[in-house]
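All of these numbers come straight from a predicted model, not from anything done at the bench. Note on naming: letters A, B, ... go to the chains in the order of the sequence lines (proteins, then strands), and numbering restarts at 1 for each one.
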2 protein chains.
Amino acid sequence: MTKLKSVKTPELDTKSRILQAALEAFSQSGFYGTSINSVAEAVNIKKPSLLHHFSSKEKLYGAVLESISTRLLSELEAAMDSSENEKEQMLSVMDSFYRWNKECPNETVLLLREMLDNPQRAATAHNWYLAPWLERLVELIRRGQQNGRFHELEPMAFLYNIIGAQHYFVVSLPTLKQILRASDFKALLKQQRQELKTLIELRLFK
Amino acid sequence: MTKLKSVKTPELDTKSRILQAALEAFSQSGFYGTSINSVAEAVNIKKPSLLHHFSSKEKLYGAVLESISTRLLSELEAAMDSSENEKEQMLSVMDSFYRWNKECPNETVLLLREMLDNPQRAATAHNWYLAPWLERLVELIRRGQQNGRFHELEPMAFLYNIIGAQHYFVVSLPTLKQILRASDFKALLKQQRQELKTLIELRLFK
DNA sequence: TATTTATCCTACCAACCGGTAGGTAGACAC
DNA sequence: GTGTCTACCTACCGGTTGGTAGGATAAATA
């Protein structure tokens, strides 16, 4: 299966390009609002050619979800290894979460959609995208509490509010962008980020 | 497509029953994932009969959105008039928001879906569902700050995080319910609510 | 050189979609 | 009675959907 690449194009192979186009389509219009035909057109191939790579629409959708999930997990690992100090780890993980939201809003939106469309599948313990995040962070907070670095509080409840605030803000951005003037919008971006950090420090850190 | 639960309130007229069934269907499956036929079946009439009451799918969807929007606004008014004290008003409005989330998760979900599906329409200044909420609350916080009752902070950024946390939590509930044991789930409900209140008090109140 | 394999195509299908045409039955007015 | 209105029906429409059958092309392999 060795691949001889005669052209070192910056372009991806067809399969990857399909995945990329599908991510955008699904995140913008949802599963039912997206036709595989439109995805195929975005990659300049015909529908049956797409179905050659992904044998059904569901499979394609599943592949998109999985690619997001694995990518997310690897980012988490990286963020956790960056420090030993609980405070810094906490901030580092939240930072990685923030960076993901910012760089891949499509992925953020799609995972939220999946939660709305299919709560039971989204929840199948092992592949719920937030599960590892929460698990690790709950652990982290418990550790910090034992070391006397964090205040006493229910880790899960606290985390869910923080993560929820961030998540919701990201999916609101397109709407907010249309309501606010460009300058206000830009200011809000900074303010929200600072505000969230303040909330964490105020509530969690001693 | 799964069959919808039939609406069984014999007192409502057909039009209201359609609206009710449509709310449930749209919130569960989104606009494209819902067929007007399935809505018609849920109220035990045929599709053309539904189209007699609402001349198109878009009109039906619009009617659902509007009914939610007006209901929301009137609840806000009621909550604002309950007190003169800024702190109590703040808590009262957040309480009304919470009660709405709890009693009508369908509406919460549908409005979030609308924001994902159609950010530009969701944002047309006058009918964005959160606009009056935010407007009034920003005003309220500014007043509280002038009176020295609230800390100095950017009202919009603060509010968005609080509202986002609450909103996100509500739409996650079906997923969380499947992940957690029943007792843990119930506990989390209480903890999250308390945690959010603590965050508000800690960050906003002097 | 012959053959297999990967990739993409045209042509087609049954099922379902939103919506229309046209008719029936009952309630009320005159 | 006759006329009109509402609520609902059956039958049907054109268009789109996800998916299949089978062939063309070109490269990799034997």
Taking the six-membered ring for Trp, are B/Y61 and B/F31 ring centroids under 6.0 Å apart?
-> yes

For A/L51 and C/dT10, give me the distance from atom CG to atom C1', rounded to whole Å.
-> 14 Å

Between A/S55 and D/dG19, does any side-chain N or O lie under 4.0 Å from OP1 or OP2?
-> no

Check: A/L134 and A/Y160 side chains under 4.5 Å, non-hydrogen atoms = yes

Short side-chain N/O contact from B/H53 to OP1 or OP2 of D/dT6, under 4.0 Å | no

Quickly work out the B/N37 CG to D/dA11 P distance and round it to whole Å.
-> 15 Å

Contact class for A/S38 vs. all strands (heavy atom < 4.0 Å): base, sugar-phosphate, or nothing?
-> nothing

Phosphate OP1/OP2 of C/dC9: any A/S49 side-chain N/O under 4.0 Å | yes

Determine: side-chain N/O of A/H52 to OP1/OP2 of C/dC9, distance under 4.0 Å, yes or no.
-> no

Heavy-atom side-chain contact between B/F158 and A/L196 under 4.5 Å | no

Round to the nearest Å and state the distance from A/L50 atom CG to C/dC8 atom P.
-> 10 Å

Polar side-chain contact B/K47-C/dG19 base: donor and acceptor under 3.5 Å | yes

What is the distance from NZ of B/K59 to P of C/dG19, rounded to the nearest Å?
-> 9 Å

Of the nucleotides D/dG19, D/dA11, C/dG19, which one has an atom closest to the side chain of B/P48?
-> D/dA11

Salt bridge (charged side-chain N to carboxylate O under 4.0 Å, His left out) pairs touching residues 129-141 of chain B, sequence neighbours excluded, are B/E77-B/R136

Select base, sugar-phosphate, or nothing to describe what A/I36 touches, counting heavy atoms under 4.0 Å on all strands.
-> sugar-phosphate

Take the protein atom NZ of A/K57 and the nucleotide atom P of D/dT20, then report the distance between them rounded to whole Å.
-> 15 Å

Let me know the distance between CD of B/E41 and P of D/dC9, rounded to the nearest Å.
-> 11 Å

How long is the line joining OH of B/Y32 and P of C/dG18, in whole Å?
-> 11 Å

Candidates D/dG18, D/dC8, C/dC9 - which lies nearest the side chain of A/I45 | C/dC9

Cut-off 3.5 Å, no hydrogens considered: what does the side-chain donor-acceptor table look like for residues 45-54 of chain B, sequence neighbours left out?
none

Look at the side-chain N and O atoms of A/K46 and state whether any lies under 4.0 Å from the OP1 or OP2 oxygen of C/dC8.
-> no

Looking at A/T14, does any N or O in its side chain come under 4.0 Å of the phosphate oxygens OP1/OP2 on C/dT7?
-> no

